[in-house]
Amino acid sequence: MKIAIIGTGNVGGALATVWSNKGHEIRLGVRNPNQFKGIELLKNPNTKAYTVEEAVKNSEVILLSTPATEAITVTKSLGDTTGKVIIDAMNIVNKQGPLGFVSTGHAILANTFTKDVVKCFNTTGANNLADPNYPTAQLDAFMAGDSQKGKEIAFSLAKDGGFAECYDIGGNDKFELMEQFAFFWINLAMFQKLGRNIGFKLLKR
């Protein structure tokens, strides 16, 4: 799969590494392809750097993993997203997000052509995205959005990333809930000082 990753920090970098190692073609969308945070990701032969619009133009899927405050600006910079899937891995934390929106997912939808937007890979830390395997189990991932096409792709990429399952929690109306779930993890890991090596697993009986 041809995947554009916009945002090459911890989250984008972790997913770029995992997916490129699985054989996906990763196109990093950056301001300056010759100098950017995460330039070491280019050591993987399946990963290349482009301008944002070039990365999007030549990809089927777009992962957005920039700060939530940049959601509108970044979305507008994507160019023509017709027919493409956008995966939103961003979170509004402490009310720091796109002005006028309760979730980054809704901000994306309001500022781009495609309606195939799904929120996924936002509910845990970059360390768990890089390696969701724990001694007793593999972590689970979660996704939300109205787009069935987007969910099928998010599910496939979550499985490629080593997650045991990727649970569908609903449509676009659950974008905000996904971000609240992310803050639950942040609260435990950071504010309650449990550390980043914690994650969520859905159990059944």
Side-chain angles (χ1 to χ4, degrees), residues 1-7 11-12 14-16 18-20 22-27 29 52-53 55-66 68 71-72 74-92 97-98 101-124 128-129 132 138-182 184-185 199-204:
M1 194 176 295
K2 297 174 181 178
I3 306 170
I5 294 183
I6 317 301
V11 169
L15 291 173
V18 169
W19 292 337
S20 60
K22 281 290 183 176
H24 294 288
E25 296 179 34
I26 305 300
R27 292 163 167 80
V52 171
E53 197 162 345
V56 170
K57 181 179 179 180
N58 296 300
S59 299
E60 308 153 77
V61 182
I62 306 156
L63 176 85
L64 297 185
S65 59
T66 65
I72 295 174
V74 169
T75 301
K76 287 181 176 179
S77 76
L78 300 178
D80 187 3
T81 59
T82 303
K84 301 179 187 295
V85 167
I86 296 178
I87 298 176
D88 172 20
M90 301 180 288
N91 291 304
I92 297 173
F101 293 93
V102 296
S103 79
T104 55
H106 287 107
I108 293 167
L109 281 166
N111 288 281
T112 195
F113 297 100
T114 184
K115 298 303 177 188
D116 289 311
V117 176
V118 60
K119 184 171 276 290
C120 193
F121 307 111
N122 71 302
T123 59
T124 194
N128 288 329
L129 296 174
Q138 292 170 282
L139 299 182
D140 291 323
F142 305 88
M143 60 183 174
D146 290 348
S147 171
Q148 189 58 40
K149 176 183 177 182
K151 285 179 175 177
E152 289 172 0
I153 288 174
F155 179 89
S156 176
L157 290 174
K159 297 294 281 188
D160 279 351
F163 285 92
E165 187 59 75
C166 185
Y167 288 100
D168 183 350
I169 72 161
N172 293 352
D173 62 320
K174 297 298 188 293
F175 284 161
E176 189 177 5
L177 179 61
M178 286 280 285
E179 296 192 22
Q180 291 169 347
F181 191 20
F184 188 81
W185 183 89
F200 299 117
K201 178 73 180 176
L202 184 64
L203 301 180
K204 300 179 181 179

Considering only heavy atoms from C-beta outward, does the side chain of [X] approach that of [Y] to under 4.5 Å?
X: Pro98; Y: Ile92; result: yes
X: Val85; Y: Glu60; result: no
X: Thr114; Y: Ile62; result: no
X: Lys119; Y: Lys174; result: no
X: Leu78; Y: Ile86; result: yes

Practice problem: Begin from the C-alpha positions of Ser20 and Ile26 and carry the test side chain to side chain contact (heavy atoms under 4.5 Å, CB included) through to its verdict. | Solution: CA-CA 6 Å; Ser20 60; Ile26 305 300; 3.7 Å; yes
[X] side chain vs [Y] backbone, donor-acceptor pair below 3.5 Å:
X: Arg27; Y: Asn58; value: yes
X: Ser156; Y: Glu152; value: no
X: Thr112; Y: Ile108; value: no

What are the two closest heavy atoms between [X] and [Y], and how far apart are they?
X: Met178; Y: Ala144; value: CG-CB, 3.8 Å
X: Gly161; Y: Val18; value: CA-CG1, 3.4 Å
X: Val118; Y: Gly150; value: CG1-O, 3.6 Å
X: Gly105; Y: Glu179; value: N-OE2, 4.2 Å
X: Ile5; Y: Gly7; value: CG2-O, 3.5 Å
X: Phe175; Y: Val117; value: CZ-O, 4.0 Å

Report the distance from atom [atom1] of [X] to atom [atom2] of [Y], rounding to the nearest 0.5 Å.
X: Ser103; Y: Met90; atom1: OG; atom2: CE; answer: 9.0 Å
X: Ile153; Y: Gln148; atom1: CD1; atom2: CD; answer: 11.0 Å
X: Leu157; Y: Phe121; atom1: CG; atom2: CZ; answer: 5.5 Å

Exercise. Please name all residues satisfying ring pair (Phe, Tyr, Trp, His ring centres under 6.0 Å) with Phe155, sequence neighbours left out, ordered by chain then number.
Key: none
I'd like to check the side-chain hydrogen bond (donor to acceptor under 3.5 Å, both in side chains) partners of [X]; sequence neighbours left out, ordered by chain and number.
X: Asp160; value: His24
X: Ser65; value: none
X: Thr123; value: none
X: Asn128; value: Thr124, Tyr134

More than 12 foreign heavy atoms under 6.0 Å from [atom1] of [X]: is that the case here?
X: Lys22; atom1: NZ; answer: no
X: Lys159; atom1: NZ; answer: yes
X: Lys149; atom1: NZ; answer: yes

Quiz prompt | Pair Ile3-Ile87, side chain to side chain contact (heavy atoms under 4.5 Å, CB included): steps then yes or no | solution = CA-CA 10 Å; Ile3 306 170; Ile87 298 176; over 6 Å; no
Exercise. May I ask you to check whether Phe142 and Phe200 place their ring centres under 6.0 Å from each other?
Key: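 That pair fails the under 6.0 Å test.
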Distance-only donor-acceptor pairs under 3.5 Å for side chains of residues 163-172, two or more places apart:
residue, atom, partner, partner atom, Å
Asp168, OD1, Lys151, NZ, 2.7
Asp168, OD1, Gly170, N, 3.0
Asp168, OD2, Lys151, NZ, 3.0
Asn172, OD1, Asp146, N, 2.8
Asn172, ND2, Asp146, OD2, 3.0

Exercise. Go through Leu109 and Lys115 one step at a time and tell me if the side chain to side chain contact (heavy atoms under 4.5 Å, CB included) criterion holds.
Key: CA-CA 6 Å; Leu109 281 166; Lys115 298 303 177 188; 4.1 Å; yes
Quiz item: Can you name the one residue among Asn91, Asp88, Asn122 that meets side chain to side chain donor-acceptor pair (under 3.5 Å) with Thr104?
Solution: Asp88
